[in-house]
Asker: 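This is the structure I have questions about; it appears just below.
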Amino acid sequence: MNFPDNLLYTKDHEWVRIEGDTAFIGITDFAQHELGDIVYVDINTIGKSVGQHDVFGTVEAVKTVSDLFSPLSGTVTEFNNALESAPELVNSDAYGEGWMVKITGFNQEEVSGLMNVTDYKTLVGA
Amino acid sequence: MKYVALNDLHVSLGAKMIEFAGYNMPVLYNNLIQEHNAVRNSIGVFDVSHMGEFLLKGEKALDLVQLVTSNDASVLVDGKIQYSCLPNDKGGIVDDLLVYRVSATEFYLVVNASNIEKDWNWISKHNTFGVEMTNLSEGTSLLAVQGPNAIKALQKLTDVNLSEMEYYTFKYGTLAGISHVLISNTGYTGAGGFELYVPNAEASKLWDAIFNAGAEFDIKPAGLGARDTLRLEKGFCLYGNDINDETSPIEAGLGWITKFTKSFIMAEHHKAIKDNKPTKKLVGFEMLERGGIPRQHHIIKDANGNVIGEVTSGTQSPTLSKAIGMGYVDAAHSKVDTEIFIEIRDKQIKAKVVKTPFL
């Protein structure tokens, strides 16, 4: 399983990549593997502000439905529209084309509270 | 928790195990869609040894079967199988099952794992015929070898001419060097294939022989996850989802296995429902809009927002690449092409009633 060094992680198995004032958010390789074939990504918070740990959407696999928890508080500015027609990108490229949302307006304190790759690997036993 | 004979094998294959009907069962080996496609297009094997098997033996075995089941078992001949259900005394269904006629005085019943005890008690309670009943469930392993290439792989392992066996017939024969295997041309996938019943002690030998014979067809083990998507694409009812202790077989579209040419428990009740037309019906539907996958207990509404029913099963169909489901709706909304709405996360997502099977 793949866990890039340059990302931050949460115990809910989301990853965060900070690019300037934007945070890209998705689910980890571990999470997509556990869920299996992703068939729908439902983000109902576009344009809305969310708190840290709030549910910002839902991901559906063939057999399961899971809530997505926001790693940071801020505003959900964009959904990865490619997932609308190709949700399987979450399986095939969890950290790249499978990104889910962008969040802005987050605070640095929350960012520094996220897990680094070493801690996340320990969490999932990798 | 109970364990099937091949539990350790499934674990060693990396299966994700879940508790299902009190058994530790493989729900997934590697990838649900690959397992699904292996069965649809080639060959896959399910270990469904959790299923229950009862043997009913005696001069009046048929009388007992006729009383407790809804289909007409008197039309069966030796070697023939029938899909049927056990109506309860409240208008619902105790279980759905397969009835095998071994001989005029011997019937083999295959029931759902979750209902073994309930079925056993129910049938025993009505056994005023002196029929000898044996519960073979714990000692029997069942491998469902399914898919268009199942027959080619299995034919290598037996002298029984499988291509001469019609759908819903069975034979006892030697297969993979195991004598007296119950070879049944049945399955829960609509993909063709056979179900093989053997004593637990032979399960490992049978599994290995099947995988060797199927290697050239890229045979795969398939879990309960794929079993569910496969059965749903074919519109087969799942007990606990689409039918249960409270659903009527007529409303469930099981009129074809509910025969009023004979008497059985609650026959008059079900005949009245049929004669008066059921007020609700189990229908298949497909989603017309994106917005999520229909799931059990989702509410079904009409265009005006009135609640007209509830989803009983739903999935993304791997073969059709669209979201499909089944559910009960008011009879007025049950016609094919009727527009309905599935409530998913507080949104009404458009769907339409379609014919089943979905493919």
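Chain naming here is simple, since letters A, B, ... match the order of the sequence lines and numbering starts at 1 in each.
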Asker: Heavy-atom pairs under 4.5 Å with chain A - which of B:Gly225, B:Ser321, B:Gly291 has more of them than the others?
Answerer: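 Ranked by contacts with chain A, first place is B:Gly291.
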
Asker: Just jot down the side-chain hydrogen bond (donor to acceptor under 3.5 Å, both in side chains) partners of B:His297, sequence neighbours excluded, or say none.
Answerer: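 Per chain and number, B:His297 pairs via side-chain hydrogen bond (donor to acceptor under 3.5 Å, both in side chains) with B:Glu310.
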
Asker: Should B:Lys347 and A:Asp42 count as an ion pair when the cut-off is N to O under 4.0 Å?
Answerer: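 Salt bridge between B:Lys347 and A:Asp42, a charged N being under 4.0 Å from a carboxylate O: yes.
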
Asker: Answer yes or no: is there a donor N or O on one side and an acceptor on the other, between the side chain of B:Gln316 and the main chain of A:Val62, under 3.5 Å?
Answerer: no

Asker: Measure the spacing between NZ of A:Lys63 and CD1 of B:Ile293 and express it to the nearest 0.5 Å.
Answerer: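 Nearest 0.5 Å value for the NZ-CD1 distance: 12.0 Å.
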
Asker: At what distance, to the nearest 0.5 angstrom, does CG of A:Asn91 lie from CG of B:Asn31?
Answerer: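 If we round to the nearest 0.5 Å, A:Asn91:CG and B:Asn31:CG are 8.0 Å apart.
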
Asker: Search all heavy atoms of B:Arg290 against all heavy atoms of A:Val39 and return the closest pair with its distance.
Answerer: NH2-O, 3.5 Å

Asker: I'd like to know whether CD of A:Glu19 has more than 12 heavy-atom contacts from other residues, nucleotides or ligands below 6.0 angstrom.
Answerer: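 Check passes, neighbour count above 12.
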
Asker: Can you confirm whether A:Asp37 sits close enough to B:His36 that some side-chain heavy atom of one is under 4.5 Å from a side-chain heavy atom of the other?
Answerer: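 A side-chain contact is absent here, since even the closest heavy-atom pair is not under 4.5 Å.
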
Asker: Can you measure from CG (B:Asn30) to NE2 (A:His33) and round to the nearest 0.5 angstrom?
Answerer: 7.0 Å

Asker: Verify, without hydrogens or angle tests, whether B:Lys16 (side chain) and A:Glu34 (backbone) share a donor-acceptor contact under 3.5 angstrom.
Answerer: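 At least one qualifying donor-acceptor pair exists.
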
Asker: With sequence neighbours left out, write down each residue that passes side-chain hydrogen bond (donor to acceptor under 3.5 Å, both in side chains) with B:His10, or none if nothing qualifies.
Answerer: B:Tyr29, B:Asp47

Asker: As an exercise, state the distance from OG1 of A:Thr58 to CZ of B:Arg345, rounded to the nearest 0.5 Å.
Answerer: 4.0 Å

